[in-house]
2 protein chains.
Amino acid sequence: MTQVVGKNQERISRRQVDKFAERRAQLATSALRTLSELGYARTSLREIAQNSEFSHGVLHYYFRDKVELITYCVRQYKAECVTRYDRIVVTAGSAEELRDGFGAAMAGTLREDATMHRLWYDLRNQSLFEESFRADVLEIDQSLEQMIWRIVSHHAELAGSPVAVPPAAAYALFDGLFQQALLRFLNGDDTAPANLQTSVKQLLQRFLTHS
Amino acid sequence: MTQVVGKNQERISRRQVDKFAERRAQLATSALRTLSELGYARTSLREIAQNSEFSHGVLHYYFRDKVELITYCVRQYKAECVTRYDRIVVTAGSAEELRDGFGAAMAGTLREDATMHRLWYDLRNQSLFEESFRADVLEIDQSLEQMIWRIVSHHAELAGSPVAVPPAAAYALFDGLFQQALLRFLNGDDTAPANLQTSVKQLLQRFLTHS
DNA sequence: AAGAATTCTTGACAGTCGTCAAGACTTTCT
DNA sequence: AGAAAGTCTTGACGACTGTCAAGAATTCTT
C-alpha cells in the first residue's frame with residue numbers, strides 16, 4: 001500500500017482500506033465460528049481458514065500473528081455483545097416489566113448463542129494464563145458489568161427503591177447464574193433457560209433494599 | 001505384572017499395586033502443578049515430565065493416554081477440593097460466626113490457591129468443548145454445590161430462618177462472586193480477597209427470608 | 001548372587017502447528 | 001493495453017505434539 005499523496009490516491013486508498021477492513025472482519029467471523037465450536041485450545045489457523053472460503057496463507061496477509069487475529073476476534077465479539085445487551089435494555093414501563101424482559105432476554109441468549117457464550121468464558125479464562133488478551137478481556141468484562149448495572153439501577157429506579165448491592169457484585173452474581181445455566185444447557189438440560197429466567201427475576205428483585 | 005496366586009505373591013502384588021498407585025499420584029501432582037501454571041491449552045506431556053523428576057516416556061507407562069492422565073488429575077484435584085471445603089465447614093456457634101468463618105475461608109483459598117482455582121475453571125470450560133472430562137467435571141461441580149448448600153442451610157438453621165434460595169442458585173451465586181474475585185486477584189488487585197470476604201458475608205445473610 | 005520382573009530412559013515415528021516466501025492471479029490506474 | 005498495486009494460493013521450514021518400542025537400569029525373588 002503506497003502512501004502517495006493526492007486527491008485521487010486518497011480516495012482509492014480509503015476504498016482499499018475499507019476492503020481490507022471488511023475482509024478482516026469476514027475472516028474474524030469465520031474464526032469466531034471455529035473458536036466457538038472447538039474452543040481456544042483446539043483451534044488452529046488452518047482450521048479457521050478451512051471454515052472460511054480462503055486458504056490458510058491469507059490469514060497472515062490480514063493478520064500479523066495468531067495473537068493479533070484472536071485479539072481482533074475478541075474485539076469483534078465485544079461489538080456483538082454490546083448490541084445484544086443493548087437489545088435487552090428494553091423500554092420497560094414498570095419494574096416488573098423490566099424483570100420479565102431481562103429474564104426473557106437472558107434465557108433467550110442462552111438458548112440461541114450458547115456456543116458463543118462458552119467461547120467468551122473460554123477466552124476470559126485464557127487471559128488468566130497468558131498476558132496477550134488480558135487487556136481486551138478486562139475491557140469487555142467492564143462493559144458487561146456496566147450494562148448489568150444499567151439494568152439493575154434502572155430497575156431500582158422504577159421500583160422507587162435504592163439498590164443494595166455494588167455494581168461489581170451485581171455483575172458477578174448474574175454472571176454466576178448465567179454460567180451455571182450455560183453448563184447445564186450445554187449438557188442437554190433443556191429446562192436450563194426457563195430456570196435461569198426465574199432465577200434472574202428473583203435476584204433482580206432481591207437487589208432492592210427491603211423497607 | 002504377573003497375577004500368580006499365593007499368599008506371598010498376593011502380598012507382593014498388593015505392595016506393587018500400591019507403589020504403582022503412589023507413582024501415579026506423584027505424577028498427577030506434577031501434572032496439576034504444570035497445568036495450573038500454563039493452563040490446559042499450553043500444557044504438553046513433555047512439559048509435565050520436565051516438572052517432575054522423570055522423563056517423558058514414563059507417563060505412558062503409568063497412563064494410557066493424555067486423556068487418562070488429565071482425568072486422573074481432575075479426580076485427584078477433587079479430593080483436594082473436598083478437604084479444602086470441609087475445612088471451611090467450621091464448627092460455628094452462631095450464624096454470624098459462620099458467616100465470618102466462611103467469608104475468611106473463601107478469601108483465604110483465593111489468596112493461597114489462586115492458580116489451582118483458575119485451573120479448575122479452565123478444565124470446567126474445556127468440558128464444554130470436549131466430551132472426555134465432562135462426567136468427572138460435573139461430579140465435582142455437584143459436590144461443590146452440595147458443600148455450599150451444607151453451609152447455607154447450616155447458616156439458616158443457626159439463624160432460625162428458612163432459606164430463600166434453591167441449592168443450585170446458591171452455588172451459582174457464590175461461584176460468580178468467587179470467579180470475579182479470582183479474575184481481579186490474578187490481575188494484581190490485592191483488595192480482591194477482602195472484598196470477596198464482605199460480599200460473601202452479605203450474600204449469605206441475604207439468603208435468609210426476611211420476616 | 002543369578003535370574004526375573006519391574007521401572008525408567010532414550011530415540012524415533014507420523015502428524016500438526018505457526019510462520020513465511022515465492023509466485024500466480026486479480027484488480028486498479030494511467 | 002500495459003504497468004503497477006493488491007490479493008490469494010501453494011508449498012515449504014523448523015519446532016512441537018502424542019505415542020510407542022527397544023533396551024538400559026533398577027528392584028525384587030529365590
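Sequence lines set the chain letters: A, B, ... in the order given, protein chains first and strands last, and positions in each chain run from 1.
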Run the salt-bridge test on [X] and [Y] with the 4.0 Å N-O cut-off and return the result as yes or no.
X: B/Glu131; Y: B/Arg134; answer: yes
X: B/Arg184; Y: A/Glu145; answer: yes
X: A/Glu130; Y: A/Lys66; answer: no

Legend entry - Sugar-phosphate only, base, or nothing, as touched by A/Tyr61 at under 4.0 Å among non-hydrogen atoms: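 Answer is base: heavy atoms of A/Tyr61 come under 4.0 Å of a base.
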
Inset, instruction - Tell me whether the OP1 or OP2 atom of D/dC28 has a side-chain N or O from B/Lys19 closer than 4.0 Å. - result: yes

Inset, instruction - Could you tell me whether the phosphate oxygens of C/dC17, OP1 or OP2, come under 4.0 Å of any side-chain nitrogen or oxygen in A/Ser44? - result: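 Looking at the OP1 and OP2 atoms of C/dC17, one of them is under 4.0 Å from a side-chain N or O of A/Ser44.
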
What integer distance in Å separates [X]:[atom1] from [N]:[atom2]?
X: A/Leu59; N: D/dT10; atom1: CG; atom2: P; value: 14 Å
X: A/Arg46; N: C/dC20; atom1: CZ; atom2: C1'; value: 11 Å
X: B/Glu68; N: D/dT19; atom1: CD; atom2: C1'; value: 14 Å
X: A/Phe63; N: D/dT7; atom1: CZ; atom2: P; value: 13 Å
X: B/Leu27; N: C/dT7; atom1: CG; atom2: P; value: 12 Å
X: B/Arg42; N: D/dG18; atom1: CZ; atom2: P; value: 14 Å
X: B/Leu38; N: D/dC16; atom1: CG; atom2: P; value: 14 Å
X: A/Glu47; N: C/dG18; atom1: CD; atom2: P; value: 10 Å

Inset, instruction - Could you label the plane-to-plane angle of the B/Tyr77 and B/Trp120 rings as parallel, tilted or perpendicular, counting under 30° as parallel and over 60° as perpendicular? - result: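 Parallel: the ring planes of B/Tyr77 and B/Trp120 meet at under 30°.
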
Legend entry - Aromatic ring pairing A/Phe178/A/Tyr121, orientation class (parallel under 30°, perpendicular over 60°, tilted between): tilted

From C-beta outward on [X], which listed nucleotide comes closest to its side chain: [options]?
X: A/His56; options: D/dG18, D/dT10, D/dT9; result: D/dT10
X: A/His60; options: D/dG6, C/dT7, C/dT19; result: C/dT19
X: A/Ser55; options: C/dT19, D/dT19, D/dT9; result: D/dT9
X: B/Asp65; options: C/dG18, D/dT19, D/dT7; result: D/dT19
X: B/Leu45; options: C/dG11, D/dG18, C/dG18; result: D/dG18
X: A/Lys66; options: C/dG18, D/dG6, D/dT10; result: C/dG18

